[in-house]
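Structure first, commentary second.
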Amino acid sequence: MPQIISGAFHYARVHPDQWRPRLELCRAMGLDTIETYVPWNLHEPQPGDFRFDGFADIEAFLEQVATAGLQAIVRPGPYICAEWDNGGLPAWLTGTPDIHIRTADSTYLEAVDRWFDELIPRIAARQVTRGGNVTMLQIENEYGSYGSDLAYLTHLRDGLRARGIDVPLFTSDGPGDHMLTGGTIDGAAATVNFGSKPTEAFDTLRRHRPRDPLFCMEFWNGWFDHWGEKHHVRAASDVAATLDEMLSMGASVNFYMVHGGTSFGVTAGANHDGSYLPTVTSYDYDAPIDEAGRPTEKYWAYREVIGRHREIPAPPEPAEPAVLPQTTVALDSAVSLRAAWDTIATGGHRSPHPPTYEELGISHGLVRYRAHLRGPRQAYPLTLPGVADRAHVYAGGELLGIVNRDDDAAFELEVPAEGLDLEVLVESMGRVNYGVHTGERKGLVEGVLHGGQYVHGWDVSALELPDLPAVDWSVGGAGGPVRTGPALLRGTFDCVSPADGFLALDGWGKGYVWINGFCLGRYWDKGPQRTLYVPAPVVRDGANEVVVLELDRLEQSTVTFEASADLGRADA
Ligand code: GLA
């Protein structure tokens, strides 16, 4: 096998109008190949509703990869990890009672097969063996870190072959014995994922697979961030030295990531290491091409190293990146979310136990659960065990407090003789994308308790995100000025020359932002991320609309465009 120098680039994390220039940059860095995952839940948001347009147009992406002079490695999952919501598995599937995901469970495999019937022929048509640029496909993803069901891997391998894949297949795993025994299969080369110590990792691979080529399928040259943690960076000099070591060994490498992009909308995932850790919106990854598509110090360092091992194309033309001018945008319309709720939410679902998001058939958003507590009752703690992921709790129309998952929060609540109306507004964050919590449910998963008694009899309605809520802005003043969250706010700004923007939300609490109806993603004052990336193609020449859904507090009525990204301090 010739030495491959590849880079991970997830099409769904980059605006399609920006794929081309960024792929050109990859080529000029010295890459010969682009690797991408396929996020199933983006392509099949509801059972049987397959999407292959816009951000989901994998065929157009592969075409552009080819036009940029690059080959392609495709990792179709069905599970992808990738800090992507639910590891790419659709919530409508993982929410099926008693399903055993990532195994040969028949309910799971039937859905995988229907999906692969749609997806795989599109990739098969673009294989090098048919005049295209796809050189290799991966089976599952780091399966050895999760399971050991060989029947499942066999089904996937045979299913890819049966659907016309004739280029090499491979698996990728951590360089550990149990991972390589659990994750590998005959008929597919084994590759390993790591960020440092290539000799040790490849020694382990060699012990398991003496004849397989040395391939680091995920060279972690940066890392991702969780809300409330420090921002991760890795020094260019350190990674460039590891790269040189690998290339000198004749090994193939796939930079994870060469360009990370953004987990727009509600696509970011989460981890769970005993407690729930949602992942931020930016997927910059401290990669050689930053979130806004600009080469960083790492880019030049890698290019120099690659240039020592092969001939590389001419450097990219230095470009002065266009950025929206620094401006403050006043959000001068506001409506209270609770006042607007009935006009923007869907539902009217009634059930004894609070249904999960999956039972409601929605993947993400806000769900309002309402119940009536009959009185009198003496004071008992009101608790929301297993809330996923965050809830505003109201009793008698007053906010008792905000509960974060894993908080173990309890509100002492006495109920008068006439009873008390209870309202819980739940927000979902990313579904865990790695490990045993993959496939988790959202909502009031284990119900609501007053003391030891379940609260039963719920009226439920939902505001599904990331769609822009269809707000009637004229209702804003109906209940008087809006002074607290949750609220929706709107403003406009004029633009003469659309460009990328970095939107700062200083003074805001937690929520979501849309520009011209495009959901940039979540913001949260916990950091580390402070600015949200606004891709130039969503900005219009002329008037532009900004909508903010702020959940917690209203101490601010402006947002600002800044000159550069602020993803947080690395040493914070
Ligand atoms: C693993 C997974 C990737 C990604 C990285 C961390 O290697 O295979 O999808 O989650 O970890 O960024």
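Please read all numbers here as calculations on a predicted model, not as lab measurements. Both backbone and side-chain heavy atoms feed into the values below; hydrogens, waters and symmetry mates do not. As the structure lists them, so they are numbered: ligands from 1, and atoms in each ligand from 1.
Under the 6.0 Å cut-off for aromatic ring centres, Phe219 and Tyr302 do not qualify, their centroids lying 6.0 Å or more apart. For His10 and Tyr256, the ring centers are positioned less than 6.0 Å apart.
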### Query
Can Glu218 and Arg75 be said to form a salt bridge (Lys or Arg N to Asp or Glu O under 4.0 Å), step by step?
CA-CA 12 Å; Glu218 290 181 24; Arg75 302 202 285 169; 3.0 Å; yes
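Within ligand 1, the atoms closer than 4.0 Å to a non-hydrogen atom of Asn141 are 2 (C), 8 (O), 9 (O), numbered from 1 in the order shown. Listed by number with element, the atoms of ligand 1 under 4.0 angstrom from any heavy atom of Glu142 are 1 (C), 2 (C), 7 (O), 8 (O). Of all atoms in ligand 1, numbered sequentially from 1 with element shown, those under 4.0 Å from a heavy atom of Trp223 are 6 (C). Residue Trp220 has at least one heavy-atom neighbour below 4.0 Å for each of these atoms of ligand 1: 5 (C), 7 (O). Interface atoms of ligand 1 facing Tyr37, defined by a heavy-atom separation under 4.0 Å, are 2 (C), 3 (C), 8 (O), 9 (O). Taking a cut-off of under 4.0 Å to the non-hydrogen atoms of Tyr285, the atoms of ligand 1 that pass are 6 (C), 12 (O). Annotation for ligand 1: atoms under 4.0 Å from non-hydrogen atoms of Ile80 are 9 (O).
Remark: Arg122 is positioned above the aromatic ring of Phe52, its terminal NZ or CZ atom under 6.0 angstrom from the ring centre and at most 45 degrees off the axis.
The CD atom of Gln529 sits 11.0 Å away from atom OG1 of Thr279, with the distance rounded to the nearest 0.5 Å.
Not a single heavy atom of Tyr434 lies less than 4.0 angstrom from ligand 1.
Of the protein's heavy atoms, Glu218 OE2, 2.7 Å lies nearest to atom 8 (O) of ligand 1. For atom 10 (O) of ligand 1, the nearest protein heavy atom (residue, atom name, distance) is Glu83 OE2, 2.7 Å.
A salt bridge (Lys or Arg N to Asp or Glu O under 4.0 Å) check over residues 239-255, counting only residues at least two apart or in different chains, returns the pairs Asp244-Arg308.
Distances between N or O atoms of Cys81 and those of ligand 1 include no value under 3.5 Å. At a 3.5 angstrom cut-off on N or O pairs, Phe224 does not count as close to ligand 1.
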Can you list, pair by pair, the side-chain donor-acceptor contacts under 3.5 Å of residues 178-185, counting residues two or more places apart and other chains?
unit_1 : atom_1 : unit_2 : atom_2 : d
Thr181 : OG1    : Asp177 : O      : 2.9
Thr181 : OG1    : His178 : O      : 3.1
Thr184 : OG1    : Leu180 : O      : 2.5

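With Thr36 contributing its side chain and Phe9 its backbone, the two residues share a donor-acceptor pair below 3.5 Å.
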